[in-house]
Every structure is written in structure tokens, then in C-alpha cells.
Student: 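Before I ask anything, here is the structure I am working with.
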Amino acid sequence: MDTNRPALPAEIARRRTFAIISHPDAGKTTLTEKFLLYGGAIQMAGQVRAKGEARRTRSDFMQMEKDRGISVSASAMSFDFKTYRFNLVDTPGHSDFSEDTYRTLTAVDAAVMVIDGAKGVESQTQKLFEVCRLRDLPILTFCNKMDREARDTFEIIDEIQENLAIDVTPASWPIGMGRDFLGCYDILNDRLELMDRADRNKVAESISLEGLDDPRMADHIPPALLEKLREEVEMARELMPALDPQSVLEGHMTPIWFGSAVNSFGVQELMNGIGTYGPEPQVQKASPREIAPEEKKVAGFVFKVQANMDPKHRDRVAFVRLASGHFERGMKLTHVRTKKPMAISNPVLFLAADRELAEEAWAGDIIGIPNHGQLRIGDTLTEGEMLKVSGIPSFAPELLQSVRAGDPMKAKHLEKALMQFAEEGAAKVFKPMIGSGYIVGVVGALQFEVLGSRIELEYGLPVRFDASQFTSARWVHGPRDAVEKFTQANKQHISYDHDGDVVYLTRLQWDIDRIERDYPDVTLSATKEMM
Ligand code: G4P
């Protein structure tokens, strides 16, 4: 991450665009809710939370959703905190790792990693962390649920260091834990933060100190806990690296805050940390050149497409991360893939407080563009220059099934539904070169179920999934005549994805190895760049 860049215009410099990564149940929803509470976006905690399925989609959070029948708000939320504008991008919550998650992380400049103080680094946290690492994303850590019996603080820090191979530096240090948890010593600002157990929405009492020996500490902390705190902080200072902002920005070091989201404790300190150490909007990789946020002209890219949840309308919302410039409503942008102009007349800014049409937005912001399917994941929008944002991959599915409409007369409808989901990135859809029907590929088994019920719900089309004779898919790359020759000789295995790209399907790794030997001009790839 390049930090020696020119100063950004103030409106851009104050933006912090990030995602929260965590294992289910660690407290992501609760933390989001408290962010919004402190961001002034909601009046009382509890508004984001709903039970069961509703909780997963959080579907009527925004009035606009009700009006338009779309469920988008949870995907991106913007709110102000102090001088900052935070753009929080949601990562899908279910445990099946999906491309969607990966692509979401291409749209942010930092991630907040939430871990449960009793459980430490769990499987999903680890996976998501590794995705962040691929992009060297800065990571700020929040160790939650300190009001419950948690692990020893040194042990938690060690575990993160060992499992994730990243330097950890304590930004705060917990005082007691479980029933004895009193609050934290704010190491960065030399303050004592005391939790209020009686009122969960109340901001903690904050006392400015003069070092760990400040006698005022004794007014609030029983002697045994105070002695332990002093010892531990001293030891931590000796054993652990001090906070190095540059190292945080490069993704080599993570500061850790301790707290209790449900008690609103430690959240403000974390938010301050995001403001201070979380990066400003970063340079975006693109070809033939990178895009810098301070460029006057607007450029952005689609990282997510969400179909209308209302079956009566087929509108979709494309989520666009602005990579540069100052966007104003009504602007005409060039859709680079088709080279066509697009008037962006009704963009949505997911302002949690105001819930309005986006009159303007700046580099770093996420805007939603309603459209009828022109915008696809990976598309770039510019003010005319033919730039293409790179680094938004599509992964080969790990599970394949063939799909059929319950009613054979509805095959055309099924095709339409499948194409929509393919464009949304919810599944890979392959049309075999020989024969009829479609093969659908996903990364996690749960996605078949989700897909089946969405096709039924949104298209009124019951479908059947059956085992496919294939288990792996690879995109075929190479000079056109080599690919053509390969295709003709392997027709039984060839299909086309929704972009018309050639895909080789097989059930044997052996086949893949053989092809690499027999067709040196052709490469089989498990990823392709979205375009
Ligand atoms: P997730 O989005 O990461 O899946 O987690 P979520 O925020 O839904 O939190 C999971 C559970 O942990 C919730 O309890 C929530 O209340 C609880 N929780 C979150 N933060 C804290 C904390 O700081 N301390 C304690 N003790 N608990 C916390 P639940 O029983 O599933 O839901 P609810 O009945 O509380 O609504």
C-alpha cells in the first residue's frame, strides 16, 4: 500500500471504506448496530437486529427498500462519525465461503476483524483474513464479548499472531473479564474507559490519565485488578511491538481493541481507530493504468449486483465503488465494456441516516445504480477513458449440478432466471456445446438451495437439480485457433459460460493434466477476471 501519495481533497481524505469480517456469532451485527448508533444513523440500538431469516437479510432497514421493493441497504451503509464519513460494506453472513465475499473485499480499503474473546480465531475468520491478506488490506481487530468469561489477553494476542502471522499491538487493555470486567485502559490515548453495565446504550465514562501510575486509577479499580493491569500492560509493552501506523497500512500489523459490542463498550475507541489508522481511499488497480482517488474525473467499478427482490420488477441494483473523482447525480458515464454512455439519473447512496438519492458522492463511496441488467460485476464506468479495473476474479465452482425446469415448457424462463443469477455472480451457469439444458456451478452446497428457492420465488418456476456427470470446470484460454481446435476435439466436455467464454468440464484431474500435456498452447484456468 503506497502511503507516500499526494494529499487528497478533504472530502475524499475523510472517507473510510471498510468491511467487517468475523465468524458467525462473534458479534458483527451487534457491532454494526453500534456503529450506526454512534454514527447518528439510528436512534436506538436494536433497529438493525431482527430474528431468524429476517436478521440475515435485514430487509426492511431502509424505507427505500419498502418503496422500491429492493433489499439492498444491508449491503452498504454510509454514516458520519466525527469528521469522518464511514462506508461500511457488508460481507455475506453465511458460512459457505463465496465469491461474493471476495469481491466485496475488493471494494474496501480496510477490514475490521471481530473475534469472540472466548473463542479466539475461528475457521471463518481465518478464511476471510486470508482473503484480506491477498490484497494486503489493513486490518483492525476488535476482541468482543469481554463481559463474558474470555481467554487470557496474552493468549488471545498470541493466537492471532500465530494463526494469522501478523504482528498484533494492543490499542487497549482489558481490566478484568467476565463478571469482573470493568473496562479498558486505552493504551494509545492514556485514558481509563469504564463500562456502564446498567445502560447498554450509554457511552462509557472516560477519564484522562497521566500514565499507568496515575493515582486516580485507584478510585475506580480495586487494588488486585489494578496491580494486575499495571503488570500486564508493562509486560505487553516489553513483549509486543508498539503501534506503527505504516505497518498497519501495509497489512503487517493489526491493532487490537477489547470491548463488548452489546454493552456499547470499546466501540467508539475502535471507530476512532478506523478514522486515525484506517486508510483513506486507495489507488485502484486497472489497465492500462491505475486510477488515483484524487483524479478529477469519475471512475468506478461494479463489485456486486443484486436482483430486485420484488418478483414484479426485474430491476437490479449494481453496487459501484467510486475509485476517483466527484460524482454528481445525472452525470453521463461511459460503460467501458459496451463503450456506451449511461446517464446515472437515480443513483442510491446508502446513507443510513438520510436514505436519499445520491446527489453526489466521492471517491471511496459506494453508490447503487438501478439498471435493467446492463451493469455486470467487474464493469468499469468512466468519463470516457477506456479503463478497466482489474483484480475482480471469478472462481471455478467446486460443485456442479444439472438443472431442469419442473415444467419443460418453461425452459426459456429458466434460461432467463439462470442468466440473471450468473450476472449477479450468485452461480456459474454453463451451456453445454452438445445437448440441451444447463449446468450450474457453485462454491458451497448451500448455494444450490438458495438458488432453487429464489428461482421458484422470483420466477414462479419450480426447478430440479440433478447430479452432473462433471465435477470440475476450467476456463480455456489461448490463441483463438488453438482454443477452436481444442474445442472441436473435446466437444463432449465443452460448454459456454454466460459471457460466452469457453469452459472445459470434466470429472477427472487426470483429464486436466493430460490436456496441459497434449495442448501446450491452451491453458485451463480455475479463475477468470470478470469483465
Ligand atoms: P454475528 O452478526 O457475528 O453473527 O453476531 P451477533 O451480533 O448476532 O451476535 C451473536 C450473539 O452474541 C447475540 O446473542 C448477541 O447479543 C451476542 N453478543 C454480541 N456482542 C456481545 C457482547 O459484547 N457480549 C455478550 N455477552 N454477548 C454479545 P444472541 O443470543 O444470538 O441474540 P440476542 O438474543 O442477544 O439478540
Side-chain angles (χ1 to χ4, degrees), residues 18-39 41-42 44-59 61 73-77 88-98 100-101 104-105 111-129 132 139-151 153 156 171-184 193-204 256-271 352 446:
F18 63 98
I20 303 181
I21 58 170
S22 66
H23 193 82
D25 235 32
K28 187 172 84 164
T29 313
T30 312
L31 187 65
T32 302
E33 186 175 281
K34 301 298 171 154
F35 278 172
L36 295 179
L37 185 68
Y38 289 125
I42 54 176
M44 211 203 305
Q47 293 184 0
V48 182
R49 175 170 299 275
K51 287 286 176 192
E53 221 21 63
R55 169 163 142 193
R56 239 141 269 139
T57 51
R58 280 174 261 155
S59 62
F61 179 52
S73 69
S75 301
M77 294 174 238
L88 172 55
V89 186
D90 193 37
T91 48
H94 55 74
S95 60
D96 266 1
F97 173 73
S98 70
D100 217 18
T101 314
T104 297
L105 291 169
V112 169
M113 174 168 78
V114 181
I115 61 171
D116 179 327
K119 296 190 180 145
V121 176
E122 297 175 84
S123 57
Q124 186 77 352
T125 326
Q126 178 113 25
K127 273 193 200 167
L128 290 164
F129 177 88
C132 294
I139 293 179
L140 309 180
T141 304
F142 185 70
C143 182
N144 191 27
K145 304 199 187 183
M146 294 307 290
D147 60 315
R148 288 221 190 125
E149 246 3 87
R151 291 206 203 148
T153 311
I156 295 170
S172 69
W173 198 269
I175 308 169
M177 70 167 74
R179 284 210 270 148
D180 298 327
F181 181 64
L182 291 181
C184 283
E193 308 289 342
L194 296 169
M195 186 172 85
D196 189 330
R197 274 181 195 266
D199 185 348
R200 290 187 153 188
N201 289 329
K202 200 164 153 196
V203 175
I256 181 168
W257 284 263
F258 294 84
S260 168
V262 81
N263 287 295
S264 310
F265 184 80
V267 178
Q268 284 209 50
E269 289 71 32
L270 173 65
M271 292 173 91
L446 187 72

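Both counts, for ligands and for their atoms, begin at 1 and track the order of listing. Note that this is a predicted model, so its numbers are computed, not measured.
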Student: If you compare all heavy atoms of E269 against all heavy atoms of W257, which two are closest, and at what distance to 0.1 Å?
Tutor: O-NE1, 3.5 Å

Student: Check D90 with K28, please: is the shortest side-chain N to carboxylate O separation under 4.0 Å?
Tutor: yes

Student: Nearest heavy atom to atom 22 (C) of ligand 1 wins, so pick from V262, L31, V267.
Tutor: V262

Student: Of all the atoms in ligand 1, which lie at a distance below 4.0 Å from a heavy atom belonging to K28?
Tutor: 1 (P), 2 (O), 3 (O), 5 (O), 7 (O)

Student: Please identify each residue that fulfils side-chain hydrogen bond (donor to acceptor under 3.5 Å, both in side chains) with E122, with sequence neighbours left out.
Tutor: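 Residues passing side-chain hydrogen bond (donor to acceptor under 3.5 Å, both in side chains) with E122: none at all.
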
Student: Looking at I21, is its backbone amide N or carbonyl O close enough to the side chain of T125 to form a donor-acceptor pair, meaning the two atoms are under 3.5 Å apart?
Tutor: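 Absent.
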
Student: For S260, which residues count as a side-chain hydrogen bond (donor to acceptor under 3.5 Å, both in side chains) partner, sequence neighbours excluded?
Tutor: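 Listed in chain order: D147, N263.
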
Student: At less than 4.0 angstrom from any non-hydrogen atom of S260, what atoms of ligand 1 do you find?
Tutor: 22 (C), 23 (O), 24 (N)

Student: Given T29, I20, N263, identify the one with the heavy atom nearest to atom 2 (O) of ligand 1.
Tutor: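 Looking at heavy atoms only, T29 sits closest to atom 2 (O) of ligand 1.
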
Student: Geometry only, no angles: is G27 polar-contacting ligand 1 at N/O separations under 3.5 Å?
Tutor: yes

Student: Using every non-hydrogen atom in the two residues, find where F265 and F258 come nearest and quote the distance to one decimal.
Tutor: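 Residues F265 and F258, closest heavy atoms: CE2-O, 4.2 Å.
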
Student: Would you indicate which of T32, V114, D25 comes nearest to atom 10 (C) of ligand 1 when only heavy atoms are counted?
Tutor: D25

Student: Between the main-chain N or O of V114 and the side-chain N or O of N144, is there a donor-acceptor pair closer than 3.5 Å?
Tutor: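 No; judged by distance alone, with no hydrogens or angles, the pair does not exist.
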
Student: Mark up the atoms of ligand 1 that fall under 4.0 Å of a heavy atom belonging to R148, in ascending order.
Tutor: 26 (N), 27 (N)

Student: Can you tell which part of K145 has a heavy atom less than 4.0 Å from ligand 1: side chain, backbone, both or neither?
Tutor: both

Student: Report yes if A261 has an N/O atom closer than 3.5 Å to an N/O atom of ligand 1; otherwise report no.
Tutor: yes

Student: Under 4.0 Å, heavy atoms only, figure out whether ligand 1 is touched by the backbone of T30, its side chain, both or neither.
Tutor: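 Both the backbone and the side chain of T30 come within reach of ligand 1.
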
